[in-house]
Amino acid sequence: MNFFDIFLFIVKYTPFWAIPIAIIHANFAYIYWLKDYRGIAKVCGVITLFCLTSVVLYLLMGGPDQITNTLTHIFH
């Protein structure tokens, strides 16, 4: 198993990891923002935005089957 296969596996199951991480980090960003830890809150916010952007791109590229076909076609 090479790096490309691992990458395709991670991309194919993006909602499985991105949605829970986004929910958890959004919650922590809110808590840290209320406690006036702005730096940590901003880091959690950036991670949340990255996860949500990943899910949107995942959906725009066609879901689990189409995204792997598209990326395989691009990289090979």
Single-linkage hydrophobic cluster [X]~[Y], side-chain heavy atoms < 4.5 angstrom:
X     : Y     : result
Phe9  : Phe16 : yes
Ile24 : Ile47 : no
Ile19 : Val11 : yes

Shortest non-hydrogen contact from Cys44 to Ala29?
CB-CB, 3.7 Å
Do you know which two heavy atoms are closest between Ala18 and Cys51, and how far apart they sit?
O-CB, 3.4 Å
Please examine the side chains of [Y] and [X], heavy atoms only from C-beta on, and report whether any two atoms are closer than 4.5 Å.
X     : Y     : result
Ile31 : Tyr37 : no
Leu71 : Met61 : yes
Pro64 : Tyr13 : no
Val55 : Leu59 : yes
Asp5  : Asn2  : yes
Val46 : His25 : no

Let me know which of Ile74, Ile67, Thr68 forms a side chain to side chain contact (heavy atoms under 4.5 Å, CB included) with Thr70.
Ile74
Is it true that, when you exclude Phe4 itself, more than 12 heavy atoms of the residues, nucleotides or ligands shown sit nearer than 6.0 Å to its CZ?
yes
Do the side chain of His73 and the main chain of Asn69 share a donor and acceptor less than 3.5 angstrom apart?
no
Keeping the roles fixed (side chain from Trp17, backbone from Ile10), state whether a donor-acceptor pair exists under 3.5 Å.
yes
Measure up the Tyr32 and Phe28 rings against each other and bin them: parallel (under 30°), tilted (30 to 60°), perpendicular (over 60°).
parallel
